[in-house]
S.K.: 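Okay, handing you the structure first.
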Amino acid sequence: AYDTKHNKQKVQDISLLRQAYALNPRDPLFHEAVDRMRAQGYAAFRQKNNVAAVKIYQEILSILPDDSNSHYNLANLFRHSGDFNQAFNHYSRAVDTKPDYYQAHFNLAAMYVWKGSPLRAKTHYETVIGLNPEFYPAMTELADLFLEPLQYEADALKKALELAETASKLTQHQDPRVLWTLMMALEKTGHAASALETARKALPLAQKDNPQLGRAFSGKIHQLQSKL
């Protein structure tokens, strides 16, 4: 019941796994079988066989409905395919079943941005930073939220600048995406000269890794120069 077909790498009988779990949830053979299924799901994802990966994770959840990792991986697959509603549902289940799952909180925050709920997104980004104080992507995204004309947060621009500066330090000032947010925060807090300096430092990094962002930096450099 716990074996897999070597040539297909597929668990033979899901119903027997459900029965085994019902009889003894701590059975190590059962958990070994589920771990093999997780590995198969990840392998299918790496091979860009998303249909197979989705099926495998759904099979795991049919046995272990509260398996946070499977909810998270399934959410990533749905998000990748453009099914944001399903992605939102599974990210939500991932954080419900594992409240300290900071990666799931981070992606759930992005889903709330997509849904037009910045307050809820803010809450989850702050949760991420509380769980992992050096996770600079959450700082960058939260700073971007604070740079929007939000009315619910006092000193929003100041907080955006503090977050962007911290994220930039954590990346040793080498991540052009972070430097873009830092540049915007500096500009919006009245530090145009520093914003220009940041943009000039970021431009070659962006041109190398992200030509579209590089073009955006070039445009901002010309704009900032005209202000000085």
Side-chain angles (χ1 to χ4, degrees), residues 48 75-85 87-88 91 102-129 132-228:
K48 301 185 185 302
N76 287 338
L77 287 163
F78 281 127
R79 185 180 180 185
H80 181 74
S81 69
D83 191 341
F84 290 164
N85 286 316
F88 173 83
Y91 285 134
Y102 74 88
Q103 297 97 327
H105 280 285
F106 179 73
N107 288 349
L108 181 58
M111 292 292 95
Y112 274 118
V113 171
W114 167 73
K115 290 171 73 71
S117 301
L119 276 172
R120 291 185 178 272
K122 170 182 172 290
T123 298
H124 286 281
Y125 284 135
E126 289 174 339
T127 298
V128 174
I129 296 169
N132 187 346
E134 295 189 353
F135 192 69
Y136 68 87
M139 297 177 192
T140 306
E141 297 294 341
L142 183 56
D144 285 340
L145 280 183
F146 284 139
L147 289 172
E148 296 297 323
L150 305 174
Q151 303 300 317
Y152 61 82
E153 189 73 34
D155 300 324
L157 294 180
K158 179 182 177 182
K159 291 180 179 180
L161 180 56
E162 291 173 351
L163 286 162
E165 287 176 335
T166 301
S168 185
K169 289 177 183 176
L170 287 169
T171 58
Q172 299 181 339
H173 315 290
Q174 295 297 303
D175 188 318
R177 169 66 182 85
V178 175
L179 291 172
W180 175 269
T181 298
L182 177 59
M183 175 198 67
M184 295 300 296
L186 286 165
E187 180 186 15
K188 291 192 176 186
T189 52
H191 301 89
S194 295
L196 178 59
E197 180 183 0
T198 299
R200 284 172 171 164
K201 289 179 179 178
L203 179 60
L205 297 171
Q207 287 175 327
K208 178 181 177 182
D209 299 330
N210 187 335
Q212 183 177 358
L213 185 57
R215 291 190 292 272
F217 270 117
S218 294
K220 286 299 296 185
I221 287 171
H222 292 301
Q223 182 184 357
L224 290 165
Q225 285 174 332
S226 68
K227 292 182 177 182
L228 297 173

S.K.: How many angstroms lie between CD in Gln103 and CG in Asn132, if you round to the nearest 0.5 Å?
M.R.: 8.0 Å

S.K.: Return the set of residues passing side chain to side chain contact (heavy atoms under 4.5 Å, CB included) with Ala87 (not counting sequence neighbours), or none when no residue passes.
M.R.: Phe78, Arg79, Tyr91, Met111

S.K.: Could you tell me which non-hydrogen atom of Ala202 sits nearest to which non-hydrogen atom of Pro176, and how far apart they are?
M.R.: O-CB, 4.5 Å

S.K.: For the aromatic rings, using the six-membered ring if either is Trp, is the centroid distance between His124 and Phe106 under 6.0 Å?
M.R.: no

S.K.: Does any part of the side chain of Leu203, heavy atoms only, come nearer than 4.5 Å to the side chain of Ser218, both counted from C-beta?
M.R.: yes

S.K.: Which heavy atom of Ala143 sits nearest to which heavy atom of Ala164, and what is that distance?
M.R.: CB-N, 4.3 Å

S.K.: Short question: side chain of Thr171, backbone of Ala167 - any donor-acceptor pair under 3.5 Å?
M.R.: yes

S.K.: Do Glu165 and Lys169 sit within salt-bridge range, that is, some charged N less than 4.0 Å from a carboxylate O?
M.R.: no

S.K.: May I have the step-by-step check of side chain to side chain contact (heavy atoms under 4.5 Å, CB included) for Leu170 and Thr166, ending in yes or no?
M.R.: CA-CA 6 Å; Leu170 287 169; Thr166 301; 4.2 Å; yes

S.K.: Drop me the distance from Gln212's CD to Gln207's CD, to the nearest 0.5 angstrom.
M.R.: 13.5 Å

S.K.: Please step through side chain to side chain contact (heavy atoms under 4.5 Å, CB included) for the pair Thr198 and Trp180, ending with a clear verdict.
M.R.: CA-CA 8 Å; Thr198 299; Trp180 175 269; over 6 Å; no

S.K.: Between Asp209 and Arg177 (salt bridge meaning N to carboxylate O under 4.0 Å), is one present in this structure?
M.R.: no

S.K.: Out of the candidates Thr140, Thr181, Ile129, only one should pair with Leu163 under the side chain to side chain contact (heavy atoms under 4.5 Å, CB included) rule; please name it.
M.R.: Ile129

S.K.: So do Glu126 and Leu142 actually touch side chain to side chain, heavy atoms under 4.5 Å?
M.R.: yes

S.K.: May I ask you to test the Lys158-Thr189 pair for a side-chain heavy-atom distance under 4.5 Å?
M.R.: no

S.K.: With rounding to the nearest 0.5 angstrom, report the CG to CZ distance, Asp83 to Phe88.
M.R.: 13.0 Å

S.K.: Write down the atom of Leu157, the atom of Phe146, and the distance for their closest heavy-atom approach.
M.R.: CD2-O, 4.0 Å

S.K.: Quick one: list whatever passes side chain to side chain contact (heavy atoms under 4.5 Å, CB included) with Leu196, sequence neighbours left out.
M.R.: Arg200, Ile221, Leu224, Gln225, Leu228

S.K.: Is atom NZ of Lys188 surrounded by more than 12 heavy atoms (other residues, nucleotides or ligands) closer than 6.0 Å?
M.R.: yes

S.K.: Is there a donor-acceptor contact under 3.5 Å linking the side chains of Ser168 and His173?
M.R.: yes

S.K.: Given the rule in the side chain to side chain contact (heavy atoms under 4.5 Å, CB included) test, do Asn85 and Trp114 qualify, once you have shown the distances and angles that lead to the verdict?
M.R.: CA-CA 10 Å; Asn85 286 316; Trp114 167 73; 3.4 Å; yes

S.K.: Of all residues at least two apart in sequence or in a different chain, which pass the side chain to side chain contact (heavy atoms under 4.5 Å, CB included) check with Gln223?
M.R.: Glu187, Lys220, Lys227

S.K.: Given Tyr102 and Thr127, is the side chain to side chain contact (heavy atoms under 4.5 Å, CB included) satisfied, shown in steps?
M.R.: CA-CA 7 Å; Tyr102 74 88; Thr127 298; over 6 Å; no

S.K.: Would you say Lys122 and Tyr125 make side-chain contact, with heavy atoms under 4.5 Å?
M.R.: no

S.K.: Could you measure the distance from the CG atom of Leu119 to the OH atom of Tyr112? Nearest 0.5 Å is fine.
M.R.: 11.5 Å

S.K.: With side chains defined as the heavy atoms from C-beta onward, is the minimum distance between Leu182 and Leu186 less than 4.5 Å?
M.R.: yes

